[in-house]
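In what follows, a single structure is set out as structure tokens and then discussed.
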Amino acid sequence: MNDEIRRNLALFPIGIVQKLTDLTARQIRYYEQHMLVCPARTEGNQRLFSFNDVERLLEIKRLIEQGLNIAGIKTVLGTAKTSSELLPLTEKEQAKMVKEVKKDLSDRELRDLLKKEILHKPGRTGVHSNTFNAGDLSRFFH
DNA sequence: CTTCTGACA
DNA sequence: TGTCAGGA
């Protein structure tokens, strides 16, 4: 299946995300209130995050550690788009793909995330190298 | 047992 | 941000 779609599928509950990002549930919900992330919801109103949501949280975490406040982070990342905007699929189509992904999620995908998390620690070189040193901005927003 | 919202000695 | 309540 398309990787773009796979990254936007609503897969994990907040508990998993806590472990993946080392953020508390309180922080994750707080960032959502400020539109820094916009996870999907189940019928029971439970949050379901996608890989992109988790990566987004890691970006936020990195910025917070650099001393930026909510306003500063918004300046750098902007507000989050809803998963439905990024995933124009019917619920049936999504449910089908979620099953497909969940078969081999525990192992491979989890390691994928941890690998990417390490990629965030040192200064990156790729297409995202334009994430100009937020350290300079922290002076204005902290 | 896990998650959700609201509130604050 | 932590933490507790009270309900789903």
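Every value quoted in this text rests on a predicted model; they were computed, and no experiment measured them. Proteins get letters first, then strands, A, B, ... in listed order; numbering begins at 1 in each. No hydrogens, no waters, no symmetry mates; every other heavy atom, side chains included, goes into these values.
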Q: Considering just the side-chain nitrogens and oxygens of A:Tyr30, establish if one lies under 4.0 Å of OP1 or OP2 belonging to B:dC4.
A: no
Q. Can you give one letter per nucleotide of nucleotides 2-8 of chain C, going 5' to 3': B for a protein heavy atom under 4.0 Å from the base, S for sugar-phosphate only, - for none?
A. BB-----
Q. Is A:Glu93 salt-bridged to A:Lys96, going by a charged N under 4.0 Å from an acidic O?
A. no
Q) Paired stems touching DNA chain B, three or more consecutive Watson-Crick or G-U pairs with both distances under 3.5 Å? A) B:4-8 with C:2-6
Q.
So, using ring-ring contact (aromatic ring centres under 6.0 Å, His included) as the criterion, who are the partners of A:Phe140 when residues are at least two apart?
A. none
Q: Return the value, rounded to whole Å, for the distance between atom CD1 of A:Ile70 and atom C1' of C:dT1.
A: 12 Å
(Q) Applying a 4.0 Å non-hydrogen cut-off, can you work out what A:Arg29 is touching in the nucleic acid: base, sugar-phosphate, or nothing? (A) base
Q. Nearest-Å distance, CG (A:Asp22) to P (C:dT1)?
A. 13 Å
Q. For residues 17-26 of chain A, which residue pairs qualify under side-chain hydrogen bond (donor to acceptor under 3.5 Å, both in side chains), counting only residues two or more places apart or in two chains?
A. A:Thr24-A:Gln27
Q: Could you state the atom-to-atom distance from CD of A:Glu43 to P of B:dT2 in whole Å?
A: 22 Å
Q. Salt-bridged, A:Lys102 to A:Glu109, with N to O below 4.0 Å?
A. no
(Q) Nearest whole Å is fine: how far is B:dT3 P from A:Ile28 CD1? (A) 10 Å
**Q.** Check against side-chain contact (heavy atoms from CB on, under 4.5 Å), A:Phe49 and A:Ile16
**A.** CA-CA 9 Å; A:Phe49 301 74; A:Ile16 299 295; over 6 Å; no
Q.
According to salt bridge (charged side-chain N to carboxylate O under 4.0 Å, His left out), does anything in residues 38-56 of chain A pair up with another residue at least two apart or in another chain? List the pairs.
A. A:Arg7-A:Glu55, A:Glu32-A:Arg41, A:Glu32-A:Arg47, A:Glu55-A:Lys116
Q. Within this structure, what is the CD-to-P distance between A:Gln18 and C:dT1, rounded to whole angstrom?
A. 13 Å
**Q.** A:Asn8 side chain vs A:Leu87 backbone, donor-acceptor pair below 3.5 Å
**A.** no
Q) Just wondering, more than 12 heavy atoms not from A:Glu91 lying within 6.0 Å of its CD? A) no
Q) Does A:Glu100 have any salt bridge (charged side-chain N to carboxylate O under 4.0 Å, His left out) partners at least two apart in sequence or in another chain, and if so, which? A) none
Q. Starting at CD of A:Gln33 and ending at C1' of C:dT1, how long is that distance when rounded to a whole Å?
A. 12 Å
